[in-house]
Amino acid sequence: NKLDQKVVFSGGELDNWSLNIDHNKDLVPGSIRNDTNLLTGCITFKNVRVNRLEININNAFCEDGVNFINSNGQIKSINSKNSLYDAVDLDFSNLLINKLDISYSDNDCVDLSYGNYIIEELKVNYCGDKGLSIGEKSTVEIGNATISNSNIGVAVKDSSVALIDELNSFNNSNCLSIYQK
C-alpha cells in the first residue's frame, strides 16, 4: 500500500496460484510511471511459465495493473477493477486465458503486444480508451467478447491479426478500429 511497492515474478513456474491484490485507493502517483528497472506493472511476470493462475486486483495505480513480459502458459482468470492506467498489459508472450473481466480502467482495459494470445471469454466495461488493444504484430483469438462503455471497443493495429468468434459491443464511441500507427 505504498507507491514504491510492486510484486515481481521473474523466471520459474507458477502452478495453481491465486493472487489477490487490493491497493490503497487513496494513493496518488507522481509523474514517473515506471520503476528503476523500467517495470511498469503493479504485478509483473517476466520470463515466467504459468498454469491455472488466478489474479484479482483492485485500485491499481501503476502504468499497468498486471504486466506479463516474455511469459507463457495458461491463466485461469484475471479480474481487475479501478485501474488508474492500463489494467492488463501482455508483451512478448504466448498465453491462453480462460477469462478476463476488467472494469473501470482510466486507459486501456487490455493491451496486447508482440505475442500470441488466446482468450476464451473477455468482458470489459468502462475503459477510458480501448477495451481491447491488439498491436505490434500480435495474433489473437477470442471466443466471446463483450465490450461496453469505452472509447474504442477493439483496436487492431500494426500488422496484427484478430480472430473473434463473437463480439458484443455496447455504448462504445467506436466498435472497431483497424489502423497502422
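Remember, it's a predicted structure, so these values are computed and weren't measured experimentally.
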Query raised in the report: Applying salt bridge (charged side-chain N to carboxylate O under 4.0 Å, His left out), which residue pairs with at least one partner in residues 116-136 are found, sequence neighbours left out?
Result: Asp108-Lys130, Glu136-Lys181
Query raised in the report: Any idea how Phe45 and Phe68 line up, ring-wise: parallel (<30°), tilted (30 to 60°), or perpendicular (>60°)?
Result: parallel
Query raised in the report: For Asn171, which residues count as a side-chain contact (heavy atoms from CB on, under 4.5 Å) partner, sequence neighbours excluded?
Result: Asn149
Query raised in the report: Any sub-3.5 Å donor-acceptor pair from Thr139's side-chain atoms to Asn116's backbone N or O?
Result: no
Query raised in the report: Could you give all pairs that pass the disulfide bond (SG atoms under 2.5 Å apart) test and reach residues 110-181, with sequence neighbours left out?
Result: Cys109-Cys127
Query raised in the report: Excluding sequence neighbours, so at least two apart, what forms side-chain contact (heavy atoms from CB on, under 4.5 Å) with Ile21?
Result: Val7, His23, Ile43, Ile57
Report task. Quick one: which residue pairs count as a ring-ring contact (aromatic ring centres under 6.0 Å, His included) with a foot in residues 153-181, not counting sequence neighbours? Result -> none
Query raised in the report: Considering residues at least two apart in sequence or located in another chain, which fulfil the side-chain hydrogen bond (donor to acceptor under 3.5 Å, both in side chains) criterion with Ser105?
Result: none
**Report entry** Asn67-Thr44 side chain donor-acceptor pair, cut-off 3.5 Å
**Finding:** no
Query raised in the report: Does NZ belonging to Lys46 count more than 12 external heavy atoms closer than 6.0 Å?
Result: no
Query raised in the report: What salt bridge (charged side-chain N to carboxylate O under 4.0 Å, His left out) pairs are there with at least one residue in residues 97-107, not counting sequence neighbours?
Result: none
Report summary line: For Asn174, the side-chain hydrogen bond (donor to acceptor under 3.5 Å, both in side chains) test, sequence neighbours excluded, returns none
Query raised in the report: Any ring-ring contact (aromatic ring centres under 6.0 Å, His included) pairs touching residues 110-157, not counting sequence neighbours?
Result: Phe92-Tyr114, Tyr104-Tyr126
Query - Set of side-chain contact (heavy atoms from CB on, under 4.5 Å) partners for Asn20, sequence neighbours left out - result: Ser18, Asn56
Report task. Output every pair passing salt bridge (charged side-chain N to carboxylate O under 4.0 Å, His left out) with a member in residues 68-91, not counting sequence neighbours, ordered by first then second residue. Result -> Glu54-Lys76
Query - side chain to side chain contact (heavy atoms under 4.5 Å, CB included) evaluation trace for Arg49 with Ser71 - result: CA-CA 6 Å; Arg49 172 134 185 92; Ser71 295; over 6 Å; no
Requested in this report: Using only heavy-atom distances, determine whether the side chains of Asn59 and Asp22 contain a donor-acceptor pair under 3.5 Å.
Outcome: yes
**Report entry** Euclidean distance, Leu53 CG relative to Ile75 CD1, rounded to 0.5 Å
**Finding:** 6.0 Å
Report summary line: Across all chains, not counting sequence neighbours, the side-chain contact (heavy atoms from CB on, under 4.5 Å) partners of Ser159 are Lys137, Gln180
**Report entry** Heavy-atom closest pair, residues Ile152 and Ser177
**Finding:** CG2-OG, 3.8 Å
Requested in this report: Drop me the distance from Ile164's CD1 to Ile142's CD1, to the nearest 0.5 angstrom.
Outcome: 4.5 Å
